[in-house]
Amino acid sequence: MSVVTRFAPSPTGFLHIGGARTALFNYLYARRHGGRYLLRIEDTDKQRSTEEAIAAIQDGLAWLGLEGDAPPVFQSQNAERHAAVAEKLLAEGMAYRCYLSQEDLDAQREACRAEGRPVRIRSPWRDADPADAPADVKPVVRVKMPQTGETTIEDLVQGPVTIGHDQMDDFILLRGDGSPTYMLSVVVDDADMGVTHVVRGDDHLTNAFRQHHLYQACGWSPPAFAHIPLIHGPDGAKLSKRHGALGVDAYREMGYLPEALKNYLLRLGWAHGDDEVISEAQAIEWFDLPQVGRSAARFDFAKLENLNGHYMREADDDRLTDLTVERLGRDLAVDADAVRRLRAGMAGLKARANTLAYLAESARFYVERPRFPLENPKAAKLLQGDGAAIAREAGEALADIDDWSEEALEARLRAMAEDKGLGFGKVAQPLRAAITGSNASPGIFEVMAILGRDEVLARLTETPDHE
RNA sequence: GACCCCUUCGUCUAGUGGCCUAGGACAUCACCCUUUCACGGUGAAGACACGGGUUCGAGUCCCGUAGGGGUCGCCA
């Protein structure tokens with residue numbers, strides 16, 4: 001039997017980081033086994049589902065390269081099919097109409113809590129004569145769950161998990177208005193889509209028991225389940241808006257590369273020996289569910305950033321240049337010459353950047369001149385005292401140089417430092433501040449060579465004193 | 001509260017009874033490299049939650065305790 005997995009988000013917000021990891025694991029598992037990875041939008045809650053959320057989720061998945069192998073299934077479009085299954089269960093006596101009122105339900109739940117019993121609804125309509133049904137109440141349809149014994153699920157990640165049937169109640173299949181609930185819809189859709197492995201967050205673990213029974217009631221064989229631990233914030237609590245519970249679009253905006261985010265997410269809760277940097281091809285070859293850890297992992301931006309730096313250094317210069325131009329272009333005019341400088345300096349730039357955001361800012365001086373007085377305090381300090389004067393002096397010393405190459409520039413500047421009895425750093429640093437507006441940049445000769453004689457001389461000779 | 005799950009350095013983890021004097025990575029600190037910042041290199045500090053068993057031998061198996069998480073909707 002060929003493996004079929006699916007990622008089934010409900011479109012009530014952005015694609016969050018936990019969802020992205022769930023999608024990744026589903027994708028990897030399917031690829032690993034030569035199966036199919038599908039996407040289903042669980043939009044049965046019409047109140048909370050939005051078009052924007054659907055678009056955000058699809059954008060996020062596209063960015064990560066985790067789009068499904070087929071066009072997404074929209075769950076709401078299968079409502080009739082879901083209801084038909086419920087009707088069939090009703091006809092077969094596997095389900096029943098329940099006329100309990102909201103007040104009855106509340107009272108039962110309250111009584112359960114008060115007595116320290118598990119909160120379970122026991123409907124008298126399970127065994128009552130339908131003829132006694134009140135005419136003015138729209139009934140819900142509940143499935144008949146077994147009331148004695150227990151069920152064990154062999155979860156691929158969690159291992160065997162057993163729950164007594166006294167812990168489960170007859171959950172709702174069809175609402176009072178006849179619409180199917182999530183519990184019914186997932187089972188029917190998964191069965192119809194031929195899903196063989198349900199890989200999802202472990203907040204669904206208890207649902208698995210309900211769904212497992214529903215499969216059996218329908219006469220279908222249940223899929224294998226794999227409930228992966230949730231991602232927690234730095235404080236160990238469930239990821240919320242306060243932590244990194246951001247949409248993947250936010251990570252994209254912060255300047256992370258999709259391959260870095262995927263590698264990071266993969267290593268969160270899963271490992272292959274001591275390997276840290278894992279290509280997608282290796283991930284597909286190595287990934288397996290039983291090796292996924294059972295405990296929640298905390299999200300660590302520092303490690304993500306380090307990994308991102310690694311991928312940045314490996315990334316193609318043209319790609320990085322495009323990404324940089326896109327960011328800088330938001331508030332700067334980047335002409336063709338500037339793009340050429342950016343491309344020429346990219347190797348030196350990317351070696352020092354851990355995020356695209358930092359890369360773009362550190363590349364700014366290739367597009368526009370620094371604005372004086374410098375805002376960067378460390379850079380400003382380099383131009384205090386005789387710093388600015390040294391920069392201007394260097395401008396003069398370089399004016400008549402014939403060969404504007406890194407080698408010639410270096411020779412001339414080193415000679416100048418020696419003449420003045422200064423360490424080279426004393427000359428190079430003010431120059432760096434004057435030319436780039438920063439105290440940190442790629443090699444200063446490389447920068448000067450790329451910027452060109454006229455531009456460098458202009459920046460140097462126009463450097464104002466700093467207090 | 002009930003039920004289920006989890007627990008190795010600050011963080012992510014390796015570890016499937018002897019190869020563990022518990023390994024790697026990020027972060028931290030020191031040194032080296034060096035025109036800056038990064039990269040890189042070397043080194044330091046840093047963990048088996050606790051208590052009982054089982055066993056010749058336990059981070060690895062069992063039980064308990066503590067702590068953490070998840071679920072208990074006509075949401076998904």
Side-chain angles (χ1 to χ4, degrees), chain A residues 8-12 42-45 47-49 75 98 100 102 105 109 112-121 138-142 155 157-159 161-164 166-169 171-177 179-183 185-186 201-207 209 227 229-230 232 234 236-238 264 267-277 293-307 309-310 313 348-354 358 362 378-379 382 410 413-414 417 423-429 431-433 436 438-445:
Chain A
S10 55
T12 55
E42 312 233 302
D43 56 347
T44 54
D45 185 339
Q47 308 301 321
R48 302 200 301 155
S49 301
Q75 191 157 63
C98 169
L100 247 25
Q102 195 56 54
L105 263 22
R109 282 194 259 264
C112 288
R113 283 181 204 279
E115 293 169 35
R117 283 186 289 127
V119 179
R120 300 295 97 109
I121 297 299
K138 285 220 184 273
V140 297
V141 173
R142 289 181 186 273
D155 192 282
V157 168
Q158 305 290 336
V161 183
T162 302
I163 285 189
D166 58 341
Q167 298 299 320
M168 302 194 275
D169 57 11
F171 61 89
I172 295 173
L173 261 24
L174 251 33
R175 302 186 181 96
D177 65 2
S179 64
T181 60
Y182 159 80
M183 213 61 75
S185 298
V186 236
D202 71 9
D203 49 337
H204 282 289
L205 185 57
T206 52
N207 286 337
F209 292 87
H227 290 91
L230 268 14
H232 285 182
K238 189 179 181 180
Y264 177 72
R267 281 286 288 101
L268 212 51
W270 178 86
H272 182 267
D274 286 340
D275 295 308
E276 296 288 345
V277 176
R294 278 169 292 268
S295 58
R298 301 185 190 201
F299 197 89
D300 180 14
F301 274 98
K303 187 149 184 173
L304 204 213
E305 205 163 304
N306 175 277
L307 203 47
H310 173 87
R313 272 166 246 126
L349 253 14
K350 75 178 183 184
R352 299 170 163 72
N354 281 343
Y358 180 87
S362 70
K378 286 180 182 171
L382 291 170
E410 176 164 5
L413 253 15
R414 284 197 186 277
F424 185 64
K426 291 291 182 201
V427 172
Q429 282 303 83
L431 248 60
R432 188 187 313 282
T436 72
S438 170
N439 62 310
S441 80
I444 193 65
F445 311 118

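In what follows, chains carry the letters A, B, and so on, assigned in the order in which the sequence lines appear, proteins first and then strands, with residues in each chain numbered from 1.
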Is there any protein nitrogen or oxygen under 3.5 Å from a nitrogen or oxygen in nucleotides 9-13 of chain B, and what are the pairs?
unit_1: B:C12; atom_1: OP1; unit_2: A:R298; atom_2: N; d: 3.0
unit_1: B:C12; atom_1: O2'; unit_2: A:R267; atom_2: O; d: 2.9
unit_1: B:C12; atom_1: O2; unit_2: A:K303; atom_2: NZ; d: 3.3
unit_1: B:U13; atom_1: OP1; unit_2: A:G269; atom_2: N; d: 2.4

Side-chain heavy atoms of A:V157 within contact of A:H227, under 4.5 Å: no
Rounded distance (Å) that lies between atom P of B:G69 and atom NE2 of A:H204: 19 Å
Contact check, side chains of A:I121 and A:R142, non-hydrogen atoms, under 4.5 Å: yes
Heavy-atom donor-acceptor pair, A:R267 side chain to A:D275 backbone, under 3.5 Å: yes
Check: A:L307 and A:K303 side chains under 4.5 Å, non-hydrogen atoms: no
Interatomic distance at C1', B:C5 relative to B:C37, whole Å: 46 Å
Nearest-angstrom distance, C1' atom, B:G73 to B:C50: 38 Å
Nearest heavy-atom neighbours spanning A:P442 and A:R432: O-NH1, 3.1 Å
Contact pattern, 5' to 3', of nucleotides 34-51 of chain B - B, S or - by protein heavy atom under 4.0 Å: -BBBBS------------
Nucleotide B:C4, atom P - distance to CG of A:N207 in whole Å: 16 Å
Sugar-phosphate only, base, or nothing, as touched by A:T12 at under 4.0 Å among non-hydrogen atoms: nothing
Validation row: A:L205, A:D155 side chains within 4.5 angstrom (heavy atoms): yes
Side chain proximity check, A:L382 to A:K426, heavy atoms < 4.5 angstrom: no
Sugar-phosphate only, base, or nothing, as touched by A:T162 at under 4.0 Å among non-hydrogen atoms: sugar-phosphate
Could you list the protein-to-nucleotides 63-65 of chain B atom pairs, N/O on both sides, closer than 3.5 Å?
none

Check: A:D202 and A:L230 side chains under 4.5 Å, non-hydrogen atoms: yes
P atoms of B:C29 and B:C39, separation to the nearest Å: 13 Å
Spacing between A:H272 atom NE2 and B:G23 atom C1', to the nearest angstrom: 16 Å
Backbone N/O of A:S441 and side chain of A:T436: donor-acceptor pair under 3.5 Å: no
Euclidean distance, atom CZ of residue A:R294 to atom C1' of B:U7 [Å, nearest integer]: 12 Å
Within-4.5 Å side-chain heavy-atom neighbours: A:P229 and A:S295: no
Rounded distance in Å - CD1 (A:I163) to P (B:U71): 13 Å
A:A433 backbone acceptor or donor facing A:N439 side chain under 3.5 Å: no
Chi-based syn or anti call at B:C33, which uses purine or pyrimidine torsion atoms and a 90° bound: anti
Pair assignment for B:C29, Watson-Crick or G-U wobble, requiring both distances under 3.5 Å: B:G43
Whole-Å gap separating P (B:C72) and CG (A:D169): 11 Å
Base B:G70 to side chain A:D202, donor-acceptor N/O within 3.5 Å cut-off: no
Rounded distance in Å between the P positions of B:U71 and B:C26: 34 Å
Closest to the A:Q167 side chain, choosing from B:A2, B:G70, B:C74: B:A2
Pairwise P distance, B:A44 and B:C6 [rounded to whole Å]: 36 Å
Closest-nucleotide ordering on RNA chain B, the 5'-leading residue of A:Q158 and A:L105: A:Q158
Watson-Crick or G-U wobble partner of B:A22, both distances under 3.5 Å: none
Complement of B:A66, any strand, by Watson-Crick or G-U distances under 3.5 angstrom: B:U7
Span that lies between the C1' atom of B:G51 and that of B:U16, in whole angstrom: 24 Å
Whether over 12 other heavy atoms sit under 6.0 Å from A:E115 CD: yes
C1' atoms of B:G18 and B:A38, separation to the nearest Å: 45 Å
Touch class at under 4.0 angstrom, heavy-atom based, for A:V161 against every strand present: sugar-phosphate
Beyond-backbone contact of A:D177 with A:K138, side-chain heavy atoms, under 4.5 angstrom: no
Sugar-phosphate, base or nothing in reach of A:L307, heavy atoms under 4.0 Å: nothing
d(CZ, A:R113; P, B:C3) in whole Å: 14 Å
Assigned partner base of B:A58, Watson-Crick or wobble definition, under 3.5 Å: none
Shortest non-hydrogen separation from A:G309 to A:N354 and the atoms involved: CA-OD1, 3.3 Å
Considering all heavy atoms, the nearest A:Y182-A:V186 contact: O-CG2, 2.7 Å
Sugar-phosphate only, base, or nothing, as touched by A:R109 at under 4.0 Å among non-hydrogen atoms: sugar-phosphate
Base paired to B:G1 (Watson-Crick or G-U; both N/O distances under 3.5 angstrom): B:C72
Base-pairing mate for B:C37 - Watson-Crick or G-U, with both contacts under 3.5 Å: none
Between B:G73 (C1') and A:R120 (CZ): distance, integer Å: 12 Å
Atom P, compared across B:U65 and B:C72: separation rounded to whole Å: 26 Å
Strand partner of B:U16, provided both Watson-Crick or wobble distances fall under 3.5 Å: none
A:T206 or A:V140, whichever maps to the more 5' nucleotide of RNA chain B: A:T206
